A.B. asks: 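The structure is given below, and queries will be raised subsequently.
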Amino acid sequence: MPAITLSAARPFDLDCTLDCGQLFRWQRRDGAWVGVVGDAVIAARQEGPALLFEGADERRIERYFQLDLDLPAILASIDRDPFIHAAIARHRGLRLVRQDPWECLVSYICAQNASIPFIRCMIENMARCFGAPLPSPWGTHHAFPGPEALASRELFDLRQCSLGYRAGYVLDAARRVCGDPGWVERVGALSFEEARAELMAFRGVGRKVADCILLFAFQKFESFPVDVWIRRVMREHYLPGGGPDRGVSCREYDAIAGFARDYFGEYAGYAQEYLFADARAARKK
DNA sequence: GGCCAGGCCTTTG
DNA sequence: CAAAGGCATGGC
């Protein structure tokens with residue numbers, strides 16, 4: 001089994017990275033992780049400083065996990081106070097993964113008003129129904145269906161995947177993307193604000209979903225998605241006060257995200273992930 | 001068996 | 001412009 005060697009200068013924590021809620025297609029299987037990335041079924045596990053993997057070559061693994069990024073420098077830049085410091089210490093090695101833009105778009109459209117286990121369920125359903133089968137030593141998995149594979153379906157077919165009212169959004173997105181090849185390059189070349197506006201033109205994509213896509217698929221690291229968890233954390237530790245404890249209004253969203261970009265800097269998105277991971281871990285206990 | 005979930009869209013005040 | 005209601009579904 002090939003391996004990549006990690007170090008204090010190049011930290012990485014596979015468990016934190018795969019379990020922090022940014023990805024939906026990895027599962028633990030007796031000590032290892034198995035996941036679908038593009039058309040590859042990948043198995044990986046970590047033994048101390050060794051990242052062991054199968055199913056893809058080393059270049060692809062390094063690119064996927066963004067191991068070339070100087071994580072210590074990024075973490076130093078967001079380490080602004082004791083609270084974030086503790087979150088960083090508890091999850092050091094968590095990295096943002098380079099996700100496929102199309103899959104990420106659909107995943108986070110589905111993520112609205114859904115729990116993480118339910119999101120995983122919706123995505124697995126779509127893959128099983130409409131994605132190419134991918135035989136592997138760890139069983140047959142399915143690739144996430146491309147936009148063409150979904151655009152040719154009817155609303156009813158997507159509803160069968162438990163998407164609920166999100167089915168229409170996904171179908172719209174599929175048809176829109178099919179009629180606009182090159183959207184990835186175009187969005188990727190835009191500034192954060194412009195790219196965000198472009199993504200919010202998709203039905204079912206608001207601030208939060210757009211920010212997730214920009215952070216996870218377009219490496220716009222200043223993006224700071226504000227969900228109910230992050231809102232809670234920010235209220236308790238950074239921006240006390242605010243309106244009713246229900247949803248996140250546009251104004252509050254902009255206030256929180258704006259503050260975070262000023263406060264944490266150009267890698268605010270990394271701060272967001274560490275805060276999110278820490279909040280979720282705290283709830284489990 | 002409620003409650004809540006990595007919200008968004010539409011309508012109303 | 002801000003605030004509230006509706007929304008499909010499943011896990012806990």
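None of the values given here were measured: they were computed from a predicted structure. In what follows, chains carry the letters A, B, and so on, assigned in the order in which the sequence lines appear, proteins first and then strands, with residues in each chain numbered from 1.
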A.B. asks: What contact category does A:R120 fall into here, base, sugar-phosphate, or nothing, at under 4.0 angstrom with non-hydrogen atoms?
C.D. replies: nothing
A.B. asks: Across the strands shown, which category fits A:C161 at heavy-atom distances under 4.0 angstrom: base, sugar-phosphate, nothing?
C.D. replies: nothing
A.B. asks: Looking across every strand, which nucleic acid part, if any, lies under 4.0 Å from A:A114 by heavy atom: base, sugar-phosphate, or nothing?
C.D. replies: base
A.B. asks: Taking only the P atom of each, what is the distance from C:dA8 to B:dG1 in whole angstrom?
C.D. replies: 23 Å
A.B. asks: Under 6.0 Å from the six-membered ring centre of A:W229 and within 45° of its axis: does the NZ or CZ of A:R232 meet both?
C.D. replies: yes
A.B. asks: Write down the distance between CZ (A:R159) and P (C:dC7), rounded to a whole number of angstrom.
C.D. replies: 11 Å
A.B. asks: Compute the ring centroids of A:F202 and A:Y169, then answer whether they are less than 6.0 Å apart.
C.D. replies: no
A.B. asks: In dot-bracket form, 5' to 3', how is DNA chain B paired? Count Watson-Crick and G-U wobble pairs only if both distances fall under 3.5 Å, and write | where the partner sits on another strand.
C.D. replies: .||||.|||||||
A.B. asks: Examine the side chains of A:H91 and A:D13 and answer whether a donor and an acceptor come within less than 3.5 Å of each other.
C.D. replies: no
A.B. asks: Is the phosphate of C:dG10 approached by A:S162 (side-chain N or O, under 4.0 Å from OP1 or OP2)?
C.D. replies: yes
A.B. asks: Expressed in angstrom and rounded to an integer, what is the separation of A:D211 atom CG from B:dG7 atom P?
C.D. replies: 13 Å
A.B. asks: Figure out the CD/P separation between A:E124 and C:dG10, and round it to whole Å.
C.D. replies: 15 Å
A.B. asks: Looking only at the side chains, is there a donor atom on one of A:R98 and A:Q219 sitting less than 3.5 Å from an acceptor on the other?
C.D. replies: yes
A.B. asks: Rounded to whole angstrom units, what separation is found between the CD1 atom of A:I213 and the C1' atom of B:dG7?
C.D. replies: 13 Å
A.B. asks: Centroid-to-centroid, A:F216 to A:Y108, below 6.0 Å?
C.D. replies: yes
A.B. asks: Once you round it to whole Å, what is the distance between C1' of C:dT9 and CG of A:L155?
C.D. replies: 15 Å
A.B. asks: Hey, can you pull the donor-acceptor pairs under 3.5 Å for the side chains in residues 130-139 of chain A, sequence neighbours left out?
C.D. replies:
unit_1: A:S136; atom_1: OG; unit_2: A:W138; atom_2: N; d: 3.0
unit_1: A:S136; atom_1: OG; unit_2: A:G139; atom_2: O; d: 2.7

A.B. asks: Under 6.0 Å between ring centres, would you say that holds for A:Y238 and A:F264?
C.D. replies: yes
A.B. asks: Could you give the CG-to-P distance, from A:D254 to C:dC1, as a whole number of Å?
C.D. replies: 13 Å
A.B. asks: For the side chain of A:F118, counting heavy atoms from C-beta on, which of C:dT9, C:dA8, B:dA5 is nearest?
C.D. replies: C:dT9
A.B. asks: Provide, to the nearest angstrom, the distance between the CZ atom belonging to A:R166 and the P atom belonging to C:dT9.
C.D. replies: 9 Å
A.B. asks: Take nucleotides 8-13 of chain B nucleotide by nucleotide from the 5' end and write B, S or -, depending on whether a protein heavy atom sits under 4.0 Å from the base, only from the sugar-phosphate, or from neither.
C.D. replies: SS----
A.B. asks: Classify the nucleic acid contact of A:R251 as base, sugar-phosphate or nothing, counting any heavy atom under 4.0 Å across all strands shown.
C.D. replies: sugar-phosphate
A.B. asks: Without decimals, in angstroms, what is the distance between A:R283 CZ and B:dC3 P?
C.D. replies: 18 Å
A.B. asks: Check the pair A:H85 / A:R80 against side chain to side chain contact (heavy atoms under 4.5 Å, CB included), numbers first and verdict last.
C.D. replies: CA-CA 7 Å; A:H85 184 84; A:R80 310 280 303 177; over 6 Å; no
A.B. asks: Just to be sure I understand the rule, does A:V226 reach a base, reach only the sugar-phosphate, or reach nothing, if contact means heavy atoms closer than 4.0 Å?
C.D. replies: nothing
A.B. asks: What nucleotide, of C:dA8, B:dG7, C:dT9, holds the atom closest to the side chain of A:D227?
C.D. replies: B:dG7
